[in-house]
Amino acid sequence: MNKIFLSVCMLCLCAALTSCGGPKPESSELPSTGVTGGVSFAPQSDKEGFAVSAEIETPSSGEQRGSPIDAEAVENESSQTSNGTGTAAQSGPGYAQLLSSGKYRLIFEVIFPENDEEIKTLYDMAVSGDKAYVCVKNEKGDVQSITLAKGGRIYTLSGSKKTYTEQSGSIRDARAIDTKGFSLAGSGQEDGVPYEEYRTKAGGTVRLYMQNGKLVQMTFAEEGYALDMQEIEISADVPDSLFEIPKNYKKSG
């Protein structure tokens, strides 16, 4: 009897504790704190926002951002318009068009073998119609000779003496490249470098060696004369002053 009474009392006590909100068994589920294994993760919305802000910078005042810049296109456009004419182009036919126009300026280097050595010579050559200017310098940049051609006459200037000599002759006699009748004769490769070959009315041969659309070498050959040009700069900007004899020069001979 006493055992039955004791059992009933225990049952009543448990029921009372439960109804009063007594302690419950701990849940095995972790609280939603955003912390797992000691590594903190931002909520998904913040995570996406962070990724966007890390990849895209806000343009500063006056700055615009758009598609990636095509560096090669910009370089080509710059070189084609730097002389204000838009004549020079980054292709064989473009360079040929500039040369065949009869108005061009070439600055280049030529290596001449001499006594088992290589002598670097610098050239500044300009042609405008029947006028020519050829300045030859040594590797240090000292002027060795200046030759002008105009009006069927050749003028050889001496910078040290401030004098010049005069004789009959054409731009070919001034050792300038006469590109009259410039026409494509063929193309090929040499040492893996593609080239285009052109002929002139006077019988000269010009080769333009191209890499990635740029002129890297140019050769010229005519009877009794040849040039192998390196480090070439070409432009349509040809000042008329190049063909003038300085006023302080006196005729010699």
Side-chain angles (χ1 to χ4, degrees), residues 70-112 120-136 147-150 152 154 169-240 242-243:
D70 186 340
E72 184 177 354
V74 171
E75 181 182 356
N76 289 346
E77 181 179 355
S78 175
S79 61
Q80 289 173 15
T81 59
S82 61
N83 54 40
T85 64
T87 305
Q90 299 301 310
S91 65
Y95 287 117
Q97 182 180 5
L98 176 56
L99 291 169
S100 65
S101 70
K103 185 176 182 179
Y104 65 85
R105 188 173 187 177
L106 283 169
I107 298 176
F108 55 90
E109 298 179 359
V110 176
I111 305 297
F112 293 103
K120 182 187 293 185
T121 305
L122 311 178
Y123 280 78
D124 186 351
M125 178 187 297
V127 171
S128 180
D130 290 326
K131 296 183 292 186
Y133 164 88
V134 180
C135 178
V136 182
T147 306
L148 306 179
K150 60 179 181 176
I154 297 291
S170 65
I171 65 174
R172 293 175 60 205
D173 297 311
R175 294 304 191 187
I177 301 175
D178 185 356
T179 57
K180 292 184 181 68
F182 210 64
S183 60
L184 182 64
S187 61
Q189 282 197 0
E190 185 174 338
D191 297 329
V193 180
Y195 66 82
E196 294 172 346
E197 185 170 294
Y198 296 82
R199 301 287 172 82
T200 69
K201 184 178 180 180
T205 300
V206 177
R207 280 188 179 182
L208 305 179
Y209 292 80
M210 313 296 298
Q211 279 190 328
N212 299 321
K214 295 183 180 180
L215 184 64
V216 295
Q217 182 183 0
M218 177 176 168
T219 62
F220 172 71
E222 203 172 79
E223 186 177 357
Y225 185 56
L227 287 172
D228 185 351
M229 295 163 262
Q230 312 284 341
E231 302 296 331
I232 305 162
E233 297 178 24
I234 184 169
S235 171
D237 186 11
V238 184
D240 289 336
L242 288 176
F243 310 108

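The two residues Ser170 and Asp173 make their nearest non-hydrogen contact at N-OD2, 2.8 Å. Minimum heavy-atom separation, Tyr133 to Leu242: CD1-O, 3.3 Å. For Gly129 against Lys180, the heavy-atom pair with the smallest separation is O-NZ, 4.1 Å. For Val134 against Ala176, the heavy-atom pair with the smallest separation is CG2-CB, 4.0 Å. Residues Arg199 and Ala185 approach most closely at CG-CB, 3.6 Å, considering heavy atoms. When all heavy atoms of Ala202 and Glu222 are compared, the closest pair comes out as CB-OE2, 3.8 Å.
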Next item on the list: Mind running side chain to side chain contact (heavy atoms under 4.5 Å, CB included) on Ile154 and Leu148 for me, showing each step along the way?
Entry: CA-CA 6 Å; Ile154 297 291; Leu148 306 179; over 6 Å; no

Next item on the list: Report the C-alpha distance between Met218 and Val206 in whole Å, list the side-chain angles of each, state the deciding distance to 0.1 Å, and finish with yes or no for side chain to side chain contact (heavy atoms under 4.5 Å, CB included).
Entry: CA-CA 7 Å; Met218 177 176 168; Val206 177; 3.7 Å; yes

Item checked: Derivation and outcome, side chain to side chain contact (heavy atoms under 4.5 Å, CB included), residues Ile234 and Leu98 -> CA-CA 9 Å; Ile234 184 169; Leu98 176 56; 3.5 Å; yes

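Looking at heavy atoms from C-beta onward, Lys120 lies out of side-chain contact with Val110 at the 4.5 angstrom threshold. The shortest distance between side-chain heavy atoms of Phe220 and Thr205 does not fall below 4.5 Å. You'll find the side chain of Tyr123 stays beyond 4.5 Å of the side chain of Leu106, heavy atoms only. Side-chain contact between Asp124 and Arg105: present, with at least one pair of heavy atoms (C-beta onward) separated by less than 4.5 Å. When side chains are defined from C-beta on, Leu184 counts as touching Glu196, because their heavy atoms get closer than 4.5 Å. No side-chain heavy atom of Asp228 sits under 4.5 Å from any side-chain heavy atom of Ile111. Side chains of Gln230 and Gln217 form a contact here, defined as non-hydrogen atoms less than 4.5 Å apart.
In this structure, the separation between CZ on Phe108 and CG on Leu122 is 10.0 Å, given to the nearest 0.5 Å. We find the CE-OG distance between Met210 and Ser187 to be 12.5 Å, quoted to the nearest 0.5 Å.
Every residue two or more places apart in sequence or in another chain that forms a side-chain contact (heavy atoms from CB on, under 4.5 Å) with Gln211 is listed here: Val193, Val216. Partners of Tyr209 by ring-ring contact (aromatic ring centres under 6.0 Å, His included), not counting sequence neighbours, listed by chain and number: Tyr195. In this view, Phe243 satisfies the ring-ring contact (aromatic ring centres under 6.0 Å, His included) rule with no residue, not counting sequence neighbours.
Just one residue in the list Ile171, Leu227, Thr147 forms a side chain to side chain contact (heavy atoms under 4.5 Å, CB included) with Met125, and that residue is Leu227. Applying side chain to side chain contact (heavy atoms under 4.5 Å, CB included) to Leu99 and the options Leu208, Val127, Ile177 leaves one that passes, Leu208.
Using a 4.0 Å cut-off between charged side-chain N and carboxylate O, Lys201 and Asp178 make no salt bridge.
Atom CD of Gln189 has more than 12 neighbouring heavy atoms from other residues, nucleotides or ligands inside a 6.0 Å radius.
A cation-pi geometry, defined here as NZ or CZ lying under 6.0 Å from the six-membered ring centre and within 45° of its normal, does not hold between Arg207 and Tyr198.
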